[in-house]
Amino acid sequence: MKQLENKCMLITYANSMGGNLRELEEILDTYFSKELGGVHILPFYPSSGDRGFAVVNYDMVDPAFGTWEDIARLSEKYFLAADFMLNHVSIRCEEFQDYLKNGEASPYRDMFIHWEEFWPQAEPTEEDLRVLYSRKPGGPRRTFKLQNGEEVNLWCTFFEEQVDINPHSPATQDYYEKNLKKIASYVPLIRFDAFAYASKVPGTSCFFVEPEIWDVLEISTRPLKETGTKMLAEIHEEYHIQQKLAERGHYVYDFALPLILLHGLEFGRTDRLIHWLQICPRNQITTLDTHDGIGVVDAAGLLTEEEMDAISGIVRDRYLKDFMALPEEIRNRDVFWNSRIKKGEGKEKIYQLGGTFYSAMGCDDQKYLLARTVQFFTPGIPQVYYVGMLAGTNDFSCLERGEGGREVNRHNFTREEIEAQMQKPVVRKLMEIMRFRNSCPAFDGEFSVEEGLPQGKLHITWKKDGCTAELQADFATRAFTVTSRNAETGETLQIQP
């Protein structure tokens with residue numbers, strides 16, 4: 001299999017560019033072989049919900065998508081990333097079903113976190129609940145009925161099809177060992193989904209609790225050491241957490257960049273961006289969009305609360321303008337322009353913004369291309385969500401089909417739709433910039449961002465062995481120029497929107 005490279009990485013569902021892995025491979029080979037060095041395939045295992053994130057069985061590829069042979073073939077052409085749900089399993093998985101059937105006699109009984117056993121007094125105090133980092137109303141508890149009729153309360157952070165697992169249980173560690181070794185034999189990078197929620201200590205937020213989280217990390221990365229596979233932590237939270245992980249040598253996500261760029265381009269400012277570029281981790285995966293939307297909490301401390309609220313409001317209004325044009329019976333089904341989270345003291349915060357990044361920018365080609373170019377010049381491996389790569393807009397037809405609002409940003413493209421999107425000038429120019437990003441050796445060299453420029457101006461430079469790549473931009477006019485020079489060959493290249 002191919003190892004990690006500093007080239008553009010696509011992130012897509014197995015059936016979102018064509019209907020399965022074979023069609024995905026054919027489309028990538030035909031249209032994007034020079035634009036992409038790697039592919040992160042979102043959960044392609046049998047699943048009972050959450051579009052793949054409630055994994056039933058890691059031993060096989062969902063037959064609707066293909067086989068492990070398809071994954072192996074892709075891994076020879078592109079460096080691959082895959083997901084592992086560190087914090088939870090599907091309630092349909094073999095281990096949980098065994099527990100429901102056999103109760104106390106199940107070898108997997110302690111794999112699951114029993115609510116009353118977790119808290120010293122069998123129930124959380126008001127203070128415990130106040131400081132808890134909660135993703136849903138009512139807190140992370142759900143009642144299940146065993147086959148013998150007994151009811152048990154288990155920890156359940158996310159959706160109805162998922163139940164949390166205890167990383168300190170021998171049964172869980174066996175589960176980690178078996179499944180992570182399997183995945184690591186095919187991919188050089190595994191994303192640990194919901195990583196921070198796996199550290200649970202009474203009286204704390206139960207989210208990235210130190211030093212507990214480092215014990216969890218040691219346990220969960222142990223199966224990766226044999227193959228040298230890297231871990232990518234999926235954590236949506238303020239940037240200090242990403243810095244702590246990066247300092248220990250792990251890959252992290254730059255989930256702060258999207259909101260900083262949205263804010264900067266909307267208000268003609270570069271000061272927040274320049275500050276972040278100076279301090280951001282270098283061993284990171286950069287993003288502008290994800291299958292879940294656009295992170296907000298990730299920019300805390302880099303933007304003020306007022307700045308975060310201002311840009312969130314603009315994105316909300318753009319989303320709702322299109323949403324409110326839908327027939328009333330469809331509007332009543334679901335609206336997902338944001339999701340919220342409760343953090344200490346019971347305060348709710350906007351967690352993520354729904355919709356595509358292109359729509360969030362008002363479908364402004366100039367702004368969008370500048371945002372992507374800044375992403376490609378930001379330290380790290382650039383990851384591009386498939387909808388964003390095709391400059392996709394919010395797809396509200398999912399509501400007509402009775403699907404949830406999260407699917408607005410998850411349109412499945414047919415080959416014909418991909419061909420049509422690629423004729424758009426914004427996509428054609430994006431492909432040109434991606435080819436440049438993959439081929440210019442300067443991006444493996446030294447990074448610098450100029451200080452002291454007038455507000456709204458940006459100048460980034462990469463240098464290696466006589467080769468330079470420069471980005472000069474004006475966030476007020478959205479004009480930008482990319483220039484590359486090779487001192488040895490004398491070749492120069494210039495890209496403008």
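Note that these values count all heavy atoms, side chains included, but never hydrogens, waters or copies made by symmetry.
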**OP:** Examine F396 together with Y319 and report whether their ring centres are nearer than 6.0 Å.
**Re:** yes
**OP:** Look at the side chain of R142 and the backbone N and O of V163, then say whether any donor-acceptor pair between them is shorter than 3.5 Å.
**Re:** no
Original post:
What is the distance from atom CZ of R410 to atom CG of D292, rounded to the nearest 0.5 Å?
Top reply: 5.5 Å
**OP:** Please test R415 against E26 for salt bridge (charged side-chain N to carboxylate O under 4.0 Å, His left out), starting from the C-alpha separation and ending with a verdict.
**Re:** CA-CA 10 Å; R415 184 172 185 143; E26 182 182 345; 2.7 Å; yes
Subject >> Minimum heavy-atom distance between T356 and G392, given as atom pair plus value >> reply: OG1-O, 2.8 Å
Original post:
Under 3.5 Å, is there a donor-acceptor pair between the side chain of E5 and the main chain of G38?
Top reply: no
Original post:
Picking from N394, V426, V387, what satisfies side-chain contact (heavy atoms from CB on, under 4.5 Å) with Y358?
Top reply: V426
Subject >> Under 3.5 Å donor-acceptor, R478 side chain and Q366 backbone >> reply: no
Original post:
Rounded to the nearest 0.5 Å, how far apart are CE of M85 and CZ of R191?
Top reply: 8.0 Å
Original post:
Do any N or O atoms from the side chain of T414 and from the backbone of E417 form a donor-acceptor pair under 3.5 angstrom?
Top reply: yes
Original post:
Quick check, are the ring centers of F144 and F96 under 6.0 angstrom apart?
Top reply: yes
Original post:
In Å, rounded to the nearest 0.5 Å, how long is the span from CD1 of I11 to OH of Y385?
Top reply: 8.0 Å
Subject >> Aromatic Y13 / basic R51 pairing, under 6.0 angstrom, 45° off normal >> reply: yes
Original post:
Side-chain contact, heavy-atom cut-off 4.5 Å: F32 with V39?
Top reply: no
Original post:
Is the distance between the ring centroids of H291 and F53 less than 6.0 Å?
Top reply: yes
Subject >> Pairwise side-chain contact, T287 with D254, heavy-atom cut-off 4.5 Å (strictly under) >> reply: no
**OP:** Check whether any side-chain N or O of D317 sits under 3.5 Å from a backbone N or O of I314 as a donor-acceptor pair, and report yes or no.
**Re:** no
Subject >> CZ-CG distance between R435 and L430, expressed to the nearest 0.5 angstrom >> reply: 9.5 Å
Original post:
What are the two closest heavy atoms between V216 and A198, and how far apart are they?
Top reply: CG2-O, 3.7 Å
**OP:** Starting from the C-alpha separation in whole Å, work towards a yes-or-no answer on salt bridge (charged side-chain N to carboxylate O under 4.0 Å, His left out) for E94 and K178.
**Re:** CA-CA 14 Å; E94 176 185 347; K178 175 186 71 172; 5.7 Å; no
Original post:
Would the F112 and H114 ring centres measure less than 6.0 Å apart?
Top reply: no
**OP:** Compare every heavy atom of L36 with every heavy atom of N438, then report the nearest pair and how far apart it is.
**Re:** ND2-N, 3.5 Å
Original post:
Does any N or O in the side chain of S75 come within less than 3.5 Å of the main-chain N or O of V187, such that one atom is a donor and the other an acceptor?
Top reply: no
Original post:
Does E76 CD have over 12 foreign heavy atoms under 6.0 Å away?
Top reply: yes
Original post:
Does a salt bridge link K200 with D164, judged by any charged N lying under 4.0 Å from a carboxylate O?
Top reply: yes
Original post:
How about E35 and V384: do any of their side-chain heavy atoms sit closer than 4.5 Å?
Top reply: no
**OP:** Ignoring hydrogens and angles, tell me if any N or O in the side chain of E307 forms a donor-acceptor pair with the backbone of L303 under 3.5 Å.
**Re:** no
Subject >> Test of ring centre spacing under 6.0 Å for F84 and Y58 >> reply: yes
**OP:** Please assess T286 against T378 for the test side-chain hydrogen bond (donor to acceptor under 3.5 Å, both in side chains), listing each intermediate value before the final yes or no.
**Re:** CA-CA 7 Å; T286 67; T378 296; over 6 Å; no
**OP:** Check whether any side-chain heavy atom of F323 sits under 4.5 Å from a side-chain heavy atom of L399, and report yes or no.
**Re:** yes
Original post:
Just how far is it from atom CD1 of I260 to atom CE of M308, taken to the nearest 0.5 Å?
Top reply: 9.5 Å
**OP:** Step by step, work out the salt bridge (charged side-chain N to carboxylate O under 4.0 Å, His left out) result for D309 and R316.
**Re:** CA-CA 10 Å; D309 288 344; R316 174 202 61 198; over 6 Å; no
Original post:
Quick check: does any side chain N or O of S199 sit under 3.5 Å from a backbone N or O of A196, one acting as donor and the other as acceptor?
Top reply: yes
Subject >> E329 atom CD, over 12 foreign heavy atoms within 6.0 Å >> reply: yes
Original post:
Would a 4.5 Å heavy-atom cut-off, applied to side chains only, mark L232 and F195 as touching?
Top reply: no
Subject >> Beyond-backbone contact of E407 with D395, side-chain heavy atoms, under 4.5 angstrom >> reply: no
**OP:** Please find out if less than 6.0 Å separates the ring center of Y108 from that of Y99.
**Re:** no
**OP:** Answer yes or no: is there an ion pair linking D29 with R73, defined by an N-O contact shorter than 4.0 Å?
**Re:** no
**OP:** Ignoring hydrogens and angles, state whether a donor on the side chain of Y386 or S16 is under 3.5 Å from an acceptor on the partner side chain.
**Re:** yes
Subject >> Sidechain-backbone polar pair: N409 side chain, T290 backbone, donor-acceptor under 3.5 Å >> reply: yes
Subject >> L390 backbone acceptor or donor facing Q421 side chain under 3.5 Å >> reply: yes
Subject >> Atom of I311, atom of H263 and distance for their closest heavy-atom approach >> reply: CG1-N, 3.8 Å
Original post:
Can you check whether N87 reaches D193 side chain to side chain, under 4.5 Å on heavy atoms?
Top reply: no
Original post:
Can you name the nearest heavy-atom pair linking A246 to P281, along with the distance?
Top reply: CB-CB, 3.6 Å
Original post:
N15 versus N20: any side-chain heavy-atom pair under 4.5 Å?
Top reply: no
**OP:** Examine the side chains of T143 and E151 and answer whether a donor and an acceptor come within less than 3.5 Å of each other.
**Re:** no
Subject >> Y45 and W68 aromatic ring geometry - parallel, tilted or perpendicular at 30°/60° bounds >> reply: tilted
Original post:
Looking at CG of D298 and CG of L259, how far apart are the two atoms once the value is rounded to the nearest 0.5 Å?
Top reply: 8.5 Å
**OP:** Assess whether atom NZ of K367 is packed by more than 12 heavy atoms of other residues, nucleotides or ligands within 6.0 Å.
**Re:** yes
Subject >> Pair Y78-E25, side-chain donor/acceptor within less than 3.5 Å >> reply: no
